[in-house]
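Each chain gets a letter, A, B and so on, in the order the sequences are listed, and its residues count up from 1.
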Amino acid sequence: MLRTVLSRLGTALPSLAGVVVITFLLTRVLPGDPALYFAGPVASPEAIAAIRAQLGLDQPLWTQFAGYVAALFRGDLGTSLTTGRPVVEDIAARLPASAELTLLGLFIAVGIAVPLGILAALRQGSWIDHLCRLVTTAGVSLPVFFTGLLAVYVFYYLLGWSPAPLGRLDSFLSEPPARTGFLLIDSLLAGDTEVFRAALGQILLPALTLGIFALAPLARMTRAAMLAALSAEFIRTARANGLGGRTIVFAYAFRNAMLPVLTTLGMVFSFLLGANVLVEKVFAWPGIGSYAVEALIASDFAPVQGFVLTMAILYILLNLAIDLLYGLIDPRMRKVA
Amino acid sequence: MDSNTVPLLDVRDLTVEFATRRGTVRAVKRVNLSIARGETLGVVGESGSGKSVTSYAVMRILERTGRIAEGSIAFSGVPLRELPEREMRDLRGREISMIFQNPRAALNPIRPVGQQIADVLRRHGQATRANARAKAIAALEQVRIARAAERHDAYPFELSGGMCQRVVIALALACRPRLLIADEPTTGLDVTTQKAVMDLVTELTRERGMSTLLITHDLGLASAYCDRVAVMQQGEVVENADAIAIFRAPTHAYTRRLMRATPRPGAGLRDLLPEGAAPAPLPAPDPRAGEPLLEVEGLVKEYPRTGLGGWLARLAGRAPEAPFRAVDGISFRVNRGESVGLVGESGCGKSTTSMMLMRLLDPTAGRIRFAGQEIGAMPTRGFAASPLRPRIQMVFQDPTDSLNPRLTASRAIADPILRMGRERGAALQARVEELADLVGLPRILLHRFPHQLSGGQKARIGIARAIALNPDLVILDEPTAALDVSVQAVVLNLLQDLKLRLGMSYLFVSHDLHVVRLLCDRVIVMRQGKVVEEGSSQQVLENPRADYTRELIAAIPHPPV
């Protein structure tokens, strides 16, 4: 097991190196001069040159790259020009907010999509099958900023059920001591139910928005994989041996259908990591996605590079986790690994 | 009524219908069958005869689109058609159980086999959580699986096909049912495995006084293992009689035709055709006949052992394990105008050999000389451009899978001509029509796609494609294994006619000695990558020298002659 993990991580190293090179080059070829941006519109050419020298932008490209890589090995992602703080600190502060939102959205999506897909496959052509088709079509065709704004309009403006879409927590409440960085978990650990309820109120709408988006591919894949599994010959054997409905559906069909569902889950998760920028914007969520977008607009290289690198690492870890889960579900995979 | 005279299973006027897009299709029409206690009934028929559907109807496991339209099914007096699903589920596996074709697919691929047996035992209250493991191991031991405790935790992909079928049998017999339905239980297994599996089923069912319904397309198998036989054709039972009587004196014309088409000792190739089918006139023999066309010397194919073990060994600087020898130094010759059979069970290296001859695989060592030129050393990729390439062609095992589903019959036949031939436009069209006539494919079918054609028609396309470039050597890789016996008889005769007319040589790769004997002048028997016996067809079949050949011949069931 440990050997598998290490060898998988080893094969990920070249991709990481590639990500480092490409993000560095990409940010350099993007239009916009950070020195110009930060000097302001009225700065003299000498002031701009001074800022450029201070940022090291007057050095040749390979010197800049060598400096960047050397800093990376020290765990230093540089300093953000917009916030004035080290990028590592910024990301560490904002990543839990994004992760909490994405994970909750994914839980909601899985919690709805998997039962819906199973039921739709079991009762093909029934109302639940049509409902599944409707929900998946809506999920893929409605963009997240639209569902997000609609949710805010209905639940905050019209009904008033939801708090103002302004970040993770009401500004009058104080955050619980950070242990995991996830407000929902930290507040429970601190035993602070008031904060928990407030945080839940804030996160529910954006998480639902993400969930509806993620639900569509998952439900479709679950339905298709269940249909394929249910028509397999070993299901016929199980029926011919008198096995009951529940055993057939869960122990026989669903466990076999889980492999494609898991693959889709991995893909949806990585979409969400990137796609929640829009949701973060709509709900003023202090996440890593909106941080990266702001930095990109400001031609602030260090946060953008840091963001892409963080995403790459998360993506690699996610794929590793999914590969390991594959092995748990399917004995044939263990043999291959 | 006396309980001894009530049949265990009594099927009366059973009619099964399927709802399809083109309306209702009657797959089974007013079928009557009965099985007495301890009796084995064979249901014989070709594909589409409704034999499997009949058994699914008895078990009430028809697909969603199928339904029992008429008739009654009584199992030891209990009417099954009216039984609530809940009670039917109690009956399945405990009173009536079933074994299937393709045992590996019939088992859940990601559940240990022992656990699958335990599932059934616990479902029918024959085991508890505590003793399920022990009982499952006992069930595996009963089907003669060695080291059963170890195999209990194995997954289907870790077991051989024959072993998987033993597990399926253990699954079916675990709860000691009174009726076993075996649906083509040995199709796709090697002949020696088939014999072992069938002997095991017979022994276990006899021991327990069980009744068996054996569904098969193989008359030989039915005659060897059944007390009575029902012959089905297009959803109807056309003949139902004692097994010996039916094979000695078949009364129905269809039964007679089936009997004739079945390869058996003493019957020649032409004997398989229906009575009255005129044999083709023999053309003058090729003057070059007898010259060597293909010479193979010391051919070897090795595969390195894959996996972490070999890699670690290399890393540690130790010599890796010896590579696996799929083909281990074989030599043989095929002369012009000659048919040579390459016979062996799965894994003996016969397919690897044919792949090397087609130059789809590079041999590890040895020489392949074709028409006087050494082709074994030519790189695989370069051979496609070689002028010798059109002169070796191949007919594949599965007529459906070997055709591109998006190409029409005429485009499929034209394919090799477009790649390597010269004809284009009208000349190409004329050549395709000529080839269709040669293989007996009606011209009106030429614009159809594979899914609109029958298995026999698809086999003809595969043959037309192979002979399109007038090859000298055609490698036939089990060309009739997927066909019904009556179609097989016609296709084998067609191949023989084509060979005589076009002066080709055949290398016929097969597992069935009786089929090979019909078409081949000489036979090579392979086992574990080596040639164990070589000789004329007559000599090998009538006076086999090697024990292994004798074992192979003995394992093939055939109807009494």
*To the nearest 0.5 angstrom, please state how far the CG atom of A:D330 sits from the CZ atom of B:F157.*
7.5 Å

*Contacting moiety of B:L171, where chain A heavy atoms sit under 4.5 Å*: both

*Is any side-chain heavy atom of B:R123 closer than 4.5 Å to a side-chain heavy atom of A:T247?*
no

*Should A:R332 and B:I110 count as side-chain neighbours, where that means a heavy-atom distance under 4.5 Å?*
yes

*Against chain B, label A:I329 side chain, backbone, both or neither, depending on which of its atoms sit under 4.5 Å from a heavy atom there.*
both

_Among B:D119, B:I181, B:V168, which residue has the highest count of heavy-atom pairs closer than 4.5 Å to chain A?_
B:D119

_Counting heavy-atom pairs under 4.5 Å with chain A, which one of B:R92, B:R64, B:R89 comes out on top?_
B:R92

_More than 12 heavy atoms of other groups within 6.0 Å of B:F18 CZ_ = yes

*Measuring heavy-atom distances to chain A, does B:L91 have an atom under 4.5 Å in its side chain, in its backbone, in both, or in neither?*
neither

_Less than 4.5 Å to any heavy atom of chain B: does that hold for the side chain of A:A240, its backbone, both, or neither?_
both

*Backbone N/O of B:L107 and side chain of A:T237: donor-acceptor pair under 3.5 Å*: no

*Residue selection (most heavy-atom pairs with chain B, distance under 4.5 Å) from A:A251, A:A238, A:A229*: A:A251

*Can you tell me how far CZ of A:R239 sits from CD1 of B:I61, rounded to the nearest 0.5 angstrom?*
6.0 Å

*asked:* When you measure from the side chain of B:H124 to the backbone of A:L243, do you find a donor-acceptor pair of N or O atoms at a distance under 3.5 Å?
replied: no

*For B:E63, is it the side chain, the backbone, both or neither that has a heavy atom under 4.5 Å from a heavy atom of chain A?*
neither

*In terms of heavy-atom contacts, does CZ of A:R123 have more than 12 from other residues, nucleotides or ligands at under 6.0 Å?*
no

*asked:* Could you tell me if the side chain of B:R111 sits less than 4.5 Å from the side chain of A:F234, heavy atoms only?
replied: no

*So what's closer than 4.5 Å to chain A heavy atoms on B:N108: side chain, backbone, both or neither?*
both

*asked:* Could you check whether any side-chain heavy atom of B:F100 comes within less than 4.5 Å of a side-chain heavy atom of A:R236, counting everything from C-beta outward?
replied: yes

*Under 6.0 Å from the CZ atom of A:F271, do we count more than 12 heavy atoms belonging to anything else shown?*
no

*B:P109 versus chain A, heavy atoms under 4.5 Å apart: side chain, backbone, both or neither?*
both

